[in-house]
Asks: 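Would you mind keeping the following structure in view while I ask a few things?
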Amino acid sequence: MAGSWHVLGAGSLGTLWACRLWRAGLDVRLILRDDQRLAAYRAAGGLTLQAAPLTEQSPVPGETAAQGAPIQRLIVACKAYDARQAVAALAHRLAPGAEVILLQNGLGSADEVAAVLPGVRCIHASSTEGAYRPQPWHAVFAGHGFTWLGDPADPTPPAWLADLDQAGIPQQWTADILSRLWRKLALNCAINPLTVLHDCRNGELAQHPCEVASLCDELAQLLERCGQPAAAADLHAEVLRVIHATAQNFSSMHQDVALGRRTEISYLLGYACAAATRHRLALPHLQQLQRRLIGALQARGLPCD
Ligand code: NAP
């Protein structure tokens with residue numbers, strides 16, 4: 001499909017998406033934070049993607065929010081806590097009928113973005129792909145996976161999915177993206193905070209079966225109460241499967257804390273606890289987990305939102 005793509009954020013996931021679109025011969029541009037970052041990017045000569053066995057540089061053109069052509073399709077690849085502000089700075093450049101694809105983990109940031117873009121179609125993504133950034137402008141494609149895309153307000157698939165196929169991005173449109181996002185949020189809430197509190201790899205949570213089981217029970221209650229029964233089904237069994245299958249991995253939250261980086265807690269466990277409060281649902285284990293996690297973040301001098 002003809003038309004340009006803009007990728008907002010040149011981090012791990014932004015690099016992964018921008019490089020694949022670029023290599024497929026599509027018209028893609030990268031939006032950097034400011035002139036200083038743009039100058040540094042241009043000096044580097046492009047984005048490098050390491051995807052074994054190849055490491056390739058792609059000279060994707062860069063620009064800032066302030067300048068550039070109207071935007072037709074925007075992939076938002078910054079952290080959940082940056083998305084609203086980053087998108088608001090670009091709102092004036094969105095063309096009529098523009099679409100925004102949101103790659104953020106968790107729930108809540110898509111609503112924040114939609115609130116600053118009234119009338120703009122916002123498409124949610126839930127991805128199991130994994131990438132990290134060992135140095136600026138260089139991402140390592142560490143985990144092949146799959147991306148689900150959907151729009152809770154409109155089940156019609158967009159025509160540009162063919163571009164993603166052309167770029168070799170494994171994806172599928174789903175009419176029930178919220179169910180997938182809630183399920184992923186629940187898996188994250190059952191695993192990631194505990195890996196921070198026990199300072200361990202995912203697999204070591206097998207040594208804390210009661211803690212994991214109590215959390216899964218409460219998360220399943222929450223999903224049911226929030227109108228997501230499909231996301232609640234067999235949650236405990238899947239959490240145990242993930243703990244086993246990713247036993248050697250450190251969770252993304254553990255990695256953030258270990259590197260002294262802000263976590264996305266407000267869009268994960270924080271979102272779940274706020275939803276429970278809204279529904280007047282008492283979930284003591286989940287709420288205690290949130291208090292313990294906030295305490296652990298504060299003890300390390302990290303933001304707790
Ligand atoms: P990341 O590596 O930290 O990249 C975020 C990027 O956004 C940074 O390059 C940052 O720029 C940029 N940014 C922030 N505000 C901006 C602004 N106003 N204008 C332009 N750029 C801006 O994060 P990530 O790992 O790619 O994760 C992005 C989202 O995807 C998160 O919600 C994450 O949970 C989700 N996700 C990630 C993965 C993964 O494997 N990485 C997998 C699934 C989901 P600076 O470099 O200038 O700070």
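Read the numbers this way: they start at 1 and go in the same order the structure lists the ligands and their atoms.
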Asks: What part of Asn105 sits under 4.0 Å from ligand 1 if we count only heavy atoms: the side chain, the backbone, both or neither?
Replies: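 The answer is both.
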Asks: For atom 29 (C) of ligand 1, what is the closest protein heavy atom, and at what distance to 0.1 Å?
Replies: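 Here the closest protein heavy atom is Cys78 O, 3.5 Å.
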Asks: Please step through salt bridge (charged side-chain N to carboxylate O under 4.0 Å, His left out) for the pair Glu99 and Arg73, ending with a clear verdict.
Replies: CA-CA 5 Å; Glu99 290 165 295; Arg73 288 187 290 276; 5.4 Å; no
Asks: What pairs of residues pass the side-chain hydrogen bond (donor to acceptor under 3.5 Å, both in side chains) test when at least one of them lies in residues 83-93, not counting sequence neighbours?
Replies: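 Sorted result for residues 83-93: Glu63-Arg93.
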Asks: Just need the protein heavy atom nearest to atom 4 (O) of ligand 1, so name the residue and atom and give the distance.
Replies: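 That would be Gly11 CA, 3.2 Å.
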Asks: Salt bridge (charged side-chain N to carboxylate O under 4.0 Å, His left out), that's the test. Do Lys184 and Glu238 meet it? Break it down for me.
Replies: CA-CA 11 Å; Lys184 194 166 179 223; Glu238 190 173 356; over 6 Å; no
Asks: Answer with yes or no after comparing the ring centroid distance for Trp173 and Trp148 against a 6.0 Å cut-off, counting only values under it.
Replies: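 Ring centres of Trp148 and Trp173 not closer than 6.0 Å.
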Asks: For ligand 1, indicate whether the residue Arg37 contacts it via side chain, backbone, both or neither (heavy-atom separation under 4.0 Å).
Replies: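 For Arg37, only side-chain atoms sit under 4.0 Å from ligand 1.
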Asks: Taking NZ, NE, NH1 and NH2 as the nitrogens, is one of them in Arg262 or Asp256 under 4.0 Å from a carboxylate oxygen of the other?
Replies: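 No, no charged N to carboxylate O under 4.0 Å.
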Asks: With heavy atoms only and a cut-off of under 4.0 Å, state how Ala142 meets ligand 1: side chain, backbone, both or neither.
Replies: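 Neither; nothing of Ala142 gets under 4.0 Å from ligand 1.
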Asks: Considering heavy atoms of the protein only, find what lies nearest to atom 48 (O) of ligand 1 and give residue, atom and distance to 0.1 Å.
Replies: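 For atom 48 (O) of ligand 1, the nearest protein heavy atom is Arg33 NH2, 2.9 Å.
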Asks: Just which atoms of ligand 1 are under 4.0 Å from any heavy atom in Leu8?
Replies: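 That gives atoms 19 (N), 20 (C) of ligand 1.
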Asks: Answer with side chain, backbone, both or neither: which part of Arg133 has a heavy atom less than 4.0 angstrom from an atom of ligand 1?
Replies: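 Side chain only.
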Asks: Quick check: do Thr15 and Val60 have side-chain heavy atoms less than 4.5 Å from each other?
Replies: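 Heavy-atom side-chain distance check fails, nothing below 4.5 Å.
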Asks: For Arg20, check salt bridge (charged side-chain N to carboxylate O under 4.0 Å, His left out) against everything at least two apart and list the hits.
Replies: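 Arg20 satisfies salt bridge (charged side-chain N to carboxylate O under 4.0 Å, His left out) with Glu129 only.
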Asks: Take the angle between the ring planes of His208 and His198 and call it parallel below 30°, perpendicular above 60°, tilted in between.
Replies: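 The arrangement is parallel - the two ring planes meet at less than 30°.
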Asks: Of Gly106, Gly145, Ala131, which has the heavy atom at the shortest distance from atom 39 (C) of ligand 1?
Replies: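 That would be Ala131.
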Asks: Counting only heavy atoms closer than 4.0 Å, does ligand 1 sit against the backbone of Ala10, its side chain, both, or neither?
Replies: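 It is the backbone that gets close, since no side chain atom is under 4.0 Å.
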Asks: Distance under 4.0 Å to a non-hydrogen atom of Gly9: what atoms of ligand 1 satisfy this?
Replies: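 Under 4.0 Å from Gly9, ligand 1 has these atoms: 7 (O), 12 (C), 21 (N).
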